[in-house]
Amino acid sequence: ETNKTECLLLDFSGNIVRFLEDYEDIYFNGLDALDAGEKLDKVVRKDDEEEKPEAKCPKCGAVPFARKCMACGFEKVTASSIEIVQGEMMEIRIGKAVAAENVRDLWNQVCTYARANSAPDKQRGRAYHLYRSILGQDPSRSWDFDSSPNVPLTRAVTNKIKQGNIAYSHRAQP
């Protein structure tokens with residue numbers, strides 16, 4: 001009715017721990033409607049007599065923690081929801097653009113760039129660091145820099161390398 005899509009919940013009295021289940025439901029599932037508070041709880045909530053140990057996030061240690069950490073986003077995953085699929089990802093995308101057909105193609109592109117734009121003694125290291133900055137992982141140890149063919153660079157890879165060069169030049173300035 002009000003077309004409001006967001007709200008800000010402020011807890012100055014620590015009630016988030018007391019009403020954790022209700023808060024998590026609102027936090028993760030949202031609200032369908034707001035009411036004026038006509039209906040109050042029919043049953044008075046009582047704190048449990050025996051104290052339970054506070055659940056902490058195993059990743060960051062934030063309290064309270066139930067199924068998903070509100071501080072770091074860590075989520076408990078049950079074994080039944082994990083699905084393992086054999087295979088290899090075919091495309092590497094940077095944003096919406098396809099950067100390479102596969103990880104080997106990306107390696108060949110960064111090697112081509114390093115050969116054309118780096119000093120001969122720094123080409124291998126440049127290719128390694130470019131690959132790592134784009135994909136976030138090390139290239140396979142079985143791939144040899146010298147045996148990789150020169151291939152055309154995609155626009156996405158060229159733009160990503162330029163972006164990294166610009167960021168580096170801004171960091172290097174005093």
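Residue numbers run from 1 in the order of the sequence given. Below, each value reflects all heavy atoms present in this structure, side chains not excepted, and no hydrogens, waters or symmetry copies.
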Atom [atom1] in [X], atom [atom2] in [Y]: separation rounded to 0.5 Å?
| X | Y | atom1 | atom2 | value |
| --- | --- | --- | --- | --- |
| Ser133 | Gln163 | OG | CD | 9.0 Å |
| Asn165 | Lys160 | CG | NZ | 11.5 Å |
| Lys59 | Glu75 | NZ | CD | 12.0 Å |
| Lys162 | Tyr113 | NZ | OH | 8.5 Å |
| Asp138 | Tyr128 | CG | OH | 3.0 Å |
| Ile134 | Trp107 | CD1 | CH2 | 11.5 Å |

Worked check of side-chain contact (heavy atoms from CB on, under 4.5 Å) between Val110 and His129: CA-CA 9 Å; Val110 296; His129 289 290; over 6 Å; no
State which residue, out of Ser148, Ser147, Ser142, fulfils the side-chain contact (heavy atoms from CB on, under 4.5 Å) condition with Asp144.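 So, applying the side-chain contact (heavy atoms from CB on, under 4.5 Å) to Asp144 and each of Ser148, Ser147, Ser142, only Ser147 qualifies.
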Looking only at atom types and distance, does a side-chain atom of [X] sit under 3.5 Å from a main-chain N or O of [Y], one as donor and one as acceptor?
| X | Y | result |
| --- | --- | --- |
| Asp25 | Glu21 | no |
| Ser118 | Arg115 | no |
| Thr154 | Ala99 | yes |

Which heavy atom of Tyr131 sits nearest a heavy atom of Val103, and at what distance?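 Closest pair (atom of Tyr131, atom of Val103, distance): OH-CB, 3.4 Å.
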Using every non-hydrogen atom in the two residues, find where Pro149 and Asn108 come nearest and quote the distance to one decimal.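 Where Pro149 meets Asn108 most closely, the heavy atoms are CD-OD1, 3.6 Å.
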Using only heavy-atom distances, determine whether the side chains of Gln109 and Asp105 contain a donor-acceptor pair under 3.5 Å.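 Yes, because at least one side-chain N or O of Gln109 sits under 3.5 Å from a partner of the opposite role on Asp105.
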Start with the C-alpha gap between Leu106 and Asn102, add the side-chain angles, then the distance that decides, and say whether side-chain contact (heavy atoms from CB on, under 4.5 Å) holds. CA-CA 7 Å; Leu106 179 64; Asn102 54 39; over 6 Å; no
Please answer: with hydrophobic residues joined when any side-chain heavy atoms are less than 4.5 Å apart, are Leu135 and Phe145 in the same cluster?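 Same cluster: Leu135 reaches Phe145 through Ile, Leu, Val, Met, Phe, Trp or Tyr contacts under 4.5 Å.
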In terms of hydrophobic clusters joined by side-chain contacts under 4.5 Å, are Trp143 and Leu130 together?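 Yes, Trp143 and Leu130 fall within the same hydrophobic cluster.
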